[in-house]
Structure formats: structure tokens, C-alpha cells
Amino acid sequence: MPPRKRREHVVDAALRVIVEQGYDGVSIEAVARAAGVTRPVIYDHFQNLGQLLQALIKREENYALAQLAEVVPDVPPDGDPADVFAGSVRRFLDAVASRPDTWRIILLPLEGTPAIVRDHVEANRAQVLARLEQLVLRAIERSEIPVDLDVEICARAILRLSEEAGRMVLTDGKRFSPERYERFVRAVMRLIWCGR
């Protein structure tokens, strides 16, 4: 296996160990077993467990942020606010379903999650919240939503409800599918915000 591919394989194994055993179960030995390699192979790519975990955190964070950029772009899209929000929720939940292990460590944090992981999640959550506030402002401008709507609280509610929907997709995806949430969000938006 080429070195770059082997490195990714090792990082994949580390993620698998964390999801299956928690952070307390992750060690060079556990990752080596999960990857089907020896400890020296791990050390060929990472000086120590901390460096391996940093690489894992950076990679999964990059995946998640790339997916979130598609869900909540810097510039809010034009269109019916109900369709925009419902489509965003659907894209988010499809992203969760497409990389469940990535989103599991974000949305279903395990006991013993290191502070560095929690800090990264919170910093990224703040970025998403700012984008959601812009999306809500754009929806207010484009529709007949009352101008006294508290944008910050609304954005926080959308974020928390979306995260809960992500948790439900991860834990019971058959019952709480992305399609079901998309229909729900569209119906609620049309009833409450758009007065349709």
C-alpha cells in the first residue's frame, strides 16, 4: 500500500476504534490491530498517539466543514424560505448519513472526549450559527416573516433542532430519515413562517 494510502488507512482505523471503544480505548496498539498492521507501521506515519489523534481531528473536521459549506453557504441562496430551509436540513442529514462515524464524534460525543475535540466542535458550531443567522435574515427580507423575529434565537433553534435530527438519523435512521425531516421542515416553515 502506498504511504499516503496507508496513512489514511491508519487514520480510518483510529476513527473506528474511537467510535467502537471510545477515546479511553484508543491506543497505538488498538489502532494497529484495527488497521491490521504492526505498531512500527503506525510509528512510520505518526510519532505518537497525540499526533495521530490530531491528524484524525483535522481530517474529520475538514470533511464536516466541507459538507456544512454545502448545507449553509456563506451567501444564502435565493428562493422560497421554506424550500431553502428544508433543502438545507435534507443536505445536512444526507451528509450525516454519508459519513456517520465523522458525525458520531461531533453529534454524539463520547465520554472522555478530549478538550481539543470539544473546542473544535464548539468553534465550528459558532461558524455555522453565524451562517444560519445570515440565512434567517435573508428569509426575513424575502418573505412576510415578522421583522421582530429574534434572529439569534431563531438561528440557535434551527441549529439545535438540526443537530437533534442528525442524532436521530445516526441512532434510528430508518424511522427518522432525511426525507421525513425534509417534509417536516417544509410543512412547518410554510405553516408558521410563510403563512401558507
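Keep in mind that the numbers below use all heavy atoms, side chains included, and drop hydrogens, waters and symmetry copies.
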Over all heavy atoms of both residues, which pair between [X] and [Y] is shortest? Give the atoms and the distance, please.
X: Arg125; Y: Ile106; answer: NH2-O, 4.3 Å
X: Pro178; Y: Asp94; answer: CB-OD1, 3.4 Å
X: Arg190; Y: Ala82; answer: CG-CB, 3.5 Å
X: Ala64; Y: Thr102; answer: CB-CG2, 4.3 Å
X: Ala55; Y: Phe46; answer: CB-CE2, 3.6 Å
X: Ile28; Y: Asn48; answer: CD1-C, 4.2 Å

Give the intermediate values and the outcome of side chain to side chain contact (heavy atoms under 4.5 Å, CB included) for residues Leu65 and Gln127.
CA-CA 10 Å; Leu65 290 175; Gln127 289 177 3; 4.2 Å; yes
Does Arg39 form a salt bridge (charged side-chain N to carboxylate O under 4.0 Å, His left out) with Asp44? I'd like the steps, not just the answer.
CA-CA 9 Å; Arg39 290 172 49 135; Asp44 284 345; over 6 Å; no
Using a 3.5 Å distance criterion without hydrogens, assess whether the side chain of [X] forms a donor-acceptor pair with backbone atoms of [Y].
X: Thr171; Y: Arg167; value: yes
X: Arg156; Y: Leu129; value: no
X: Arg90; Y: Tyr181; value: no
X: Arg91; Y: Gly87; value: yes
X: Arg186; Y: Ala86; value: no
X: Ser88; Y: Val72; value: no

Should the pair Glu164-Arg160 be classified as a salt bridge under the 4.0 Å nitrogen-to-oxygen rule?
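Looking at Arg160 together with Glu164, the answer is no, because their closest N to O distance does not fall below 4.0 Å.
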Side chain to side chain, [X] and [Y], heavy atoms closer than 4.5 Å:
X: Arg16; Y: Val31; answer: no
X: Phe85; Y: Leu135; answer: yes
X: Arg59; Y: Glu8; answer: yes

Would you kindly confirm whether [X] and [Y] end up in one hydrophobic cluster when ILVMFWY residues are joined by side chain heavy atoms under 4.5 Å apart?
X: Leu161; Y: Val128; result: no
X: Tyr63; Y: Leu107; result: no
X: Leu49; Y: Val10; result: yes

More than 12 heavy atoms from other groups under 6.0 Å of CD on Glu70
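Open: at most 12 neighbouring heavy atoms sit under 6.0 Å from CD of Glu70.
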Within a 6.0 Å radius of atom CZ on Phe184, are there more than 12 heavy atoms belonging to other residues, nucleotides or ligands?
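Counting neighbours around CZ of Phe184, 12 or fewer heavy atoms of other residues, nucleotides or ligands fall under 6.0 Å, so no.
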Can you tell me how far apart [atom1] ([X]) and [atom2] ([Y]) are? Round to the nearest 0.5 Å.
X: Asp24; Y: Glu111; atom1: CG; atom2: CD; result: 7.0 Å
X: Glu133; Y: Asp150; atom1: CD; atom2: CG; result: 9.0 Å
X: Arg104; Y: Arg99; atom1: CZ; atom2: CZ; result: 12.5 Å
X: Leu56; Y: Gln51; atom1: CG; atom2: CD; result: 13.0 Å
X: Asp101; Y: Leu108; atom1: CG; atom2: CG; result: 11.0 Å
X: Ser162; Y: Leu132; atom1: OG; atom2: CG; result: 7.0 Å

Test Ile18 against Leu53 for side chain to side chain contact (heavy atoms under 4.5 Å, CB included), laying out the working first.
CA-CA 10 Å; Ile18 290 168; Leu53 292 177; 3.9 Å; yes
Asp12 vs Leu15, test: side chain to side chain contact (heavy atoms under 4.5 Å, CB included). Steps then yes/no.
CA-CA 5 Å; Asp12 288 340; Leu15 178 59; 5.6 Å; no
Quick one: do the Gln67 and Trp103 side chains pair a donor with an acceptor below 3.5 Å?
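Yes.
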Just by distance, with hydrogens left out, do Glu29 and Ser27 show a side-chain donor and acceptor under 3.5 Å apart?
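No, no side-chain donor-acceptor contact under 3.5 Å.
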For a side chain to side chain contact (heavy atoms under 4.5 Å, CB included) check, start with the C-alpha distance between Arg180 and Arg175, then their side-chain angles and the critical distance, and finish with the verdict.
CA-CA 8 Å; Arg180 184 177 178 194; Arg175 183 172 169 204; 3.8 Å; yes
Which residues pass the side chain to side chain contact (heavy atoms under 4.5 Å, CB included) test with Gln21, not counting sequence neighbours?
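Only Val17 meet the side chain to side chain contact (heavy atoms under 4.5 Å, CB included) criterion with Gln21.
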Kindly write out the residues that satisfy side chain to side chain contact (heavy atoms under 4.5 Å, CB included) with Asn62, not counting sequence neighbours, or none if the list is empty.
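Partners of Asn62 by the side chain to side chain contact (heavy atoms under 4.5 Å, CB included) criterion, ordered by chain and then number, come out as Lys58.
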Show which side-chain atoms of residues 112-121 pair as donor or acceptor with protein atoms under 3.5 Å away, not counting sequence neighbours.
residue, atom, partner, partner atom, Å
Thr113, OG1, Leu110, N, 3.2
Thr113, OG1, Leu110, O, 2.4
Arg118, NH1, Thr113, O, 2.2
His120, ND1, Glu61, OE1, 3.3
His120, ND1, Glu61, OE2, 2.7

